[in-house]
Structure formats: C-alpha cells, structure tokens
2 protein chains.
Amino acid sequence: MFSQACKYAIRAVLYLAVHASEGKKVGVKDIAAALDVPKYFLAKILQQLSRNNLISSTKGPSGGFFLSEKNREATLKDVVECIDGPDVFNSCILGLPICSSENPCPLHVQAFAYREGLHYQLKHQAIGDLAKRIEREEQKI
Amino acid sequence: MFSQACKYAIRAVLYLAVHASEGKKVGVKDIAAALDVPKYFLAKILQQLSRNNLISSTKGPSGGFFLSEKNREATLKDVVECIDGPDVFNSCILGLPICSSENPCPLHVQAFAYREGLHYQLKHQAIGDLAKRIEREEQKI
DNA sequence: TTAATAAGAGATTTTTTTGTCTTTTATTGT
DNA sequence: ACAATAAAAGACAAAAAAATCTCTTATTAA
Ligand code: FES
Ligand code: FES
C-alpha cells in the first residue's frame, strides 16, 4: 500500500503531532531514534514534507521540526499524497490502467472497500485531532 | 499492497482459469501478450507458481500452462503468499513490528477491517469459482 | 563576531525489484 | 532417430527504492 518512505512520513508527522510544538521543536536525530528509523533517510522525507508546508522547521541551535496550528489542520491524506503521489487511493489493486466500478477487475469490490475506508479516515481526520486520540488511547507510533 | 510480480501472478492465474485447461494449454508468450505484461518476467513467476503446484505445465510441442482441477480448488491467497510471502495479510500498514488489535497503530482499525475483507475473499473463494464469475460478469483481467 | 548547532541540498552508494537473455531439459510429431 | 517446440533454470542488466554521506546555509547563544 504505502512505500517505506510514506510509512516513515506518517509516523514522523504523528510523532511530531504528539511530541512537538512551536515551543518544543524536535530534531531529526531524536525522531529517528524514537521511531527506530534510518536517520538520513528520514531527514530527506522531512525536507520534502517541509517544502510542502505539511510540517514546520527552523534551523540552528534550538531549531528542529514541529507542527504549527495550521499544520495540525492538514490530514494524513495530504502527507501520503505528498510522498507517494496522488494516485495511491484510486489505482487498481491489480495494476490495471483504470480502476472503476463500471469496469471492475475481479478484486475491485473488496479492494475498493478497503481503500475507501482507509481513504475516508485519512481524508476527514485532522492530524491535530488524531494526535489527541493517540495520546488518549496510548497508541503506538 | 501487492508487488508487481504478485499482480502479474494473480492475473496470469485468472487468465489460465478462464482460458486454459488440461486439454487447452497456453504458452507464456500468449499469456504475456494477452495481459500486456513483460514476457520473461512472467515466465519466472509462472515457474515459481508451478514449482509450488499452484499451476500446471508441460514441456514440448503443444505444451504450456494450465490449471488442473486440483489447481482450481486453490485460492488467490495461496497465489499471493507464494509470491509475496506469508505476511502480506497480517503486517502493520505503518510497518510496525507487530499488528494486533491489542497494540494497534493509529490506522489499525480501518486498515485491519478492510484488509480482512480482502483477505476473506481471497481465502474463501476457489480459483475455479472465481473464474466462473469473471466469465459471467465479463470482468477485466 | 564567532563557534556551535541543526536543517537544506546535492551527490553517491546499496539494496531490492523488475525485466532480459541464454542455455538446458523434456516432450512431441514426423 | 530427429527436428521443432516449450518450459526450467541460471546468469545478467536496468531501474527504482531505500539508505548514507558531505557540504552549504541559516540561526542562536556565548
Ligand atoms: S479495478 Fe481493480 S481495484 Fe478497481
Ligand atoms: S497495528 Fe498497524 S495496521 Fe495493525
């Protein structure tokens, strides 16, 4: 479903949502250590998210990454599409050129349900709200 | 979700289920052309399926690939696990080391529910039956 | 104003996946 | 027997994804 880079991106954003803020920035090193993820690779991913204004950063001492209030209004769908491109949620599970209910492949019905269920959550839940639920339910990242 | 090889495998098996039989074998060349898939790559995949007794083949003139009655009783789950390994349907969508409802990641509920939907179909529908539905509903492969 | 810090950017390497080509082996019809 | 056929197997190449390293730029605090 998601590329490795995208998995790291989601986890990093959620980590920032829970552990960082305007006043408490976190460096790549810390995130990478906390998530047990390759440091330099994560750095690249965070750069890309930052360029697309999905996360915020400042350089220099006491600098690092965090989520602004604006950033918290975005969704994980934005994050996913930033890393894996815009077609993640509308391409055929068997790789056929078009995925549609009019011209379905043999797995379309189930695959579509799967994708849409996930898509819906990722699209309609703000990252800020998601973070609150993660803390409340003590979920793993 | 599935590797390219696995997508090709599923499509090839379904193609054989619909278009081949003990009495009407089909060669890699024909399958590759019909599915618009790289020929040599597909050959490798078919070999692997054949070694694992998920499809049947004979060498020599008028030889080729087909599905025996036994083969038709297998499921696409078997095909998928033969190519992509046994963990496809029980690994965390975020790549966390364990996926369980006791220790869920933030996407677990949705990911699990819909993954299971797909898993269920692939596990409980024999390839032979699936082929009949494909013909009946004129689905694309 | 300078040394230390941390992200940004670029280049490079490693690994995995995908795709191709060649040789061998088995089978069949002549 | 033999030429033709087609899969099996092995080696190889190309492309993509993942991961690493180095250098640059901005910022801050002493
Ligand atoms: S057509 Fe294949 S998943 Fe929709
Ligand atoms: S724990 Fe992540 S999908 Fe189940």
Side-chain angles (χ1 to χ4, degrees), chain A residues 1-13 16 20 22-33 35-68 71 80 82-85 87-88 94-95, chain B residues 1-13 16 20 22-33 35-68 71 83-85 87-88 94-95:
Chain A
M1 178 97 249
F2 302 138
S3 69
Q4 196 59 54
C6 188
K7 293 174 189 174
Y8 293 161
I10 294 173
R11 294 175 63 203
V13 166
L16 288 173
E22 183 89 41
K24 192 190 172 208
K25 292 155 194 170
V26 184
V28 216
K29 206 151 30 76
D30 298 326
I31 307 173
L35 302 182
D36 190 25
V37 145
K39 182 171 56 168
Y40 292 120
F41 190 34
L42 181 61
K44 286 293 163 202
I45 296 164
L46 293 177
Q47 273 175 41
Q48 189 172 344
L49 292 170
S50 182
R51 273 197 301 271
N52 286 80
N53 303 307
L54 290 167
I55 66 178
S56 306
S57 69
T58 59
K59 293 184 179 182
S62 87
F65 295 93
F66 64 100
L67 299 193
S68 66
N71 292 152
V80 168
C82 176
I83 304 294
D84 276 354
D87 293 334
V88 198
L94 294 186
Chain B
M1 176 98 246
F2 301 138
S3 70
Q4 196 59 52
C6 189
K7 294 175 190 173
Y8 293 160
I10 294 173
R11 294 175 62 204
V13 166
L16 289 174
E22 183 90 40
K24 190 189 171 211
K25 292 155 194 170
V26 184
V28 216
K29 205 152 27 75
D30 299 325
I31 307 173
L35 302 182
D36 190 27
V37 145
K39 181 170 58 168
Y40 294 119
F41 191 32
L42 181 61
K44 287 292 164 202
I45 296 164
L46 294 176
Q47 274 175 40
Q48 189 173 343
L49 292 170
S50 182
R51 272 196 301 272
N52 287 80
N53 304 307
L54 290 167
I55 66 178
S56 305
S57 70
T58 59
K59 292 185 179 182
S62 86
F65 295 92
F66 65 99
L67 299 193
S68 66
N71 291 152
I83 304 294
D84 277 354
D87 293 334
V88 198
L94 295 185

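For clarity, every value in this text was computed on a predicted model and none was experimentally measured. Chain A is the first sequence line, chain B the second, and so forth, proteins listed ahead of strands; every chain is numbered from 1.
Look at CZ on A:F41: it is 17 Å from P on C:dA7, rounded to the nearest Å. Whole-Å rounding puts the B:I31 CD1 to D:dA6 P distance at 12 Å. Whole-Å rounding puts the B:I83 CD1 to C:dT16 C1' distance at 16 Å. Whole-Å rounding puts the B:D36 CG to C:dT18 C1' distance at 15 Å. Distance CD (A:Q4) to C1' (C:dT16): 12 Å, rounded to an integer number of Å. Rounding to whole angstrom units, NZ of residue B:K24 and C1' of D:dA6 are separated by 17 Å. What separates NZ of A:K39 from P of D:dC21 is a distance of 8 Å, to the nearest Å. Between the P atom of C:dA7 and the CD1 atom of A:I45 lies a distance of 15 Å, rounded to the nearest Å.
Comparing C:dA7, D:dT20, C:dT20 against the side chain of A:V28 picks out C:dA7 as the nearest. Out of D:dA7, C:dT20, D:dT20, the shortest distance to the side chain of B:S57 is found at D:dA7.
Among residues two or more places apart in sequence or in another chain, the side-chain contact (heavy atoms from CB on, under 4.5 Å) test is passed with B:S62 by none. Under the rule for a side-chain contact (heavy atoms from CB on, under 4.5 Å), the partners of A:N71 that lie at least two apart in sequence or sit in another chain are A:S56, A:L67, A:S68. Evaluation of the side-chain contact (heavy atoms from CB on, under 4.5 Å) rule for A:Q4 yields A:K7, A:Y8 as partners, not counting sequence neighbours. In this view, A:K39 and A:K29, A:A32 satisfy the side-chain contact (heavy atoms from CB on, under 4.5 Å) rule, not counting sequence neighbours. A:T58 is linked by a side-chain hydrogen bond (donor to acceptor under 3.5 Å, both in side chains) to nothing, counting only residues two or more places apart in sequence or in another chain. Qualifying ring-ring contact (aromatic ring centres under 6.0 Å, His included) partners for B:F65, counting only residues two or more places apart in sequence or in other chains: none.
Using a 4.0 Å heavy-atom criterion, one finds that B:K25 contacts no nucleic acid atom at all. Contacts of A:V26 with the nucleic acid, taken as non-hydrogen atoms under 4.0 Å apart, involve only primed sugar atoms and P, OP1 or OP2.
Less than 4.0 Å separates DNA chain C from at least one heavy atom of each of the following residues of residues 46-56 of chain A: A:Q47, A:S50, A:R51.
If you check distances only, the side chain of A:K44 does reach the base of C:dA9 with a donor-acceptor pair under 3.5 Å.
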Letter by letter from the 5' end, nucleotides 22-30 of chain D scores (B base, S sugar-phosphate only, - none; protein heavy atoms under 4.0 Å) B--BBBB--

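Not a single donor-acceptor pair under 3.5 Å links the side chain of A:Q48 to the backbone N or O of A:I83.
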Note to self: I'd like to know whether B:V28 forms a side-chain contact (heavy atoms from CB on, under 4.5 Å) with B:L46, so could you lay out the CA-CA distance, the side-chain angles of the two residues, the decisive distance to 0.1 Å, and finally the verdict.
What the structure shows: CA-CA 8 Å; B:V28 216; B:L46 294 176; 3.7 Å; yes

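Residues A:I31 and A:R11 are not in side-chain contact: their nearest non-hydrogen atoms beyond the backbone lie 4.5 Å or more apart.
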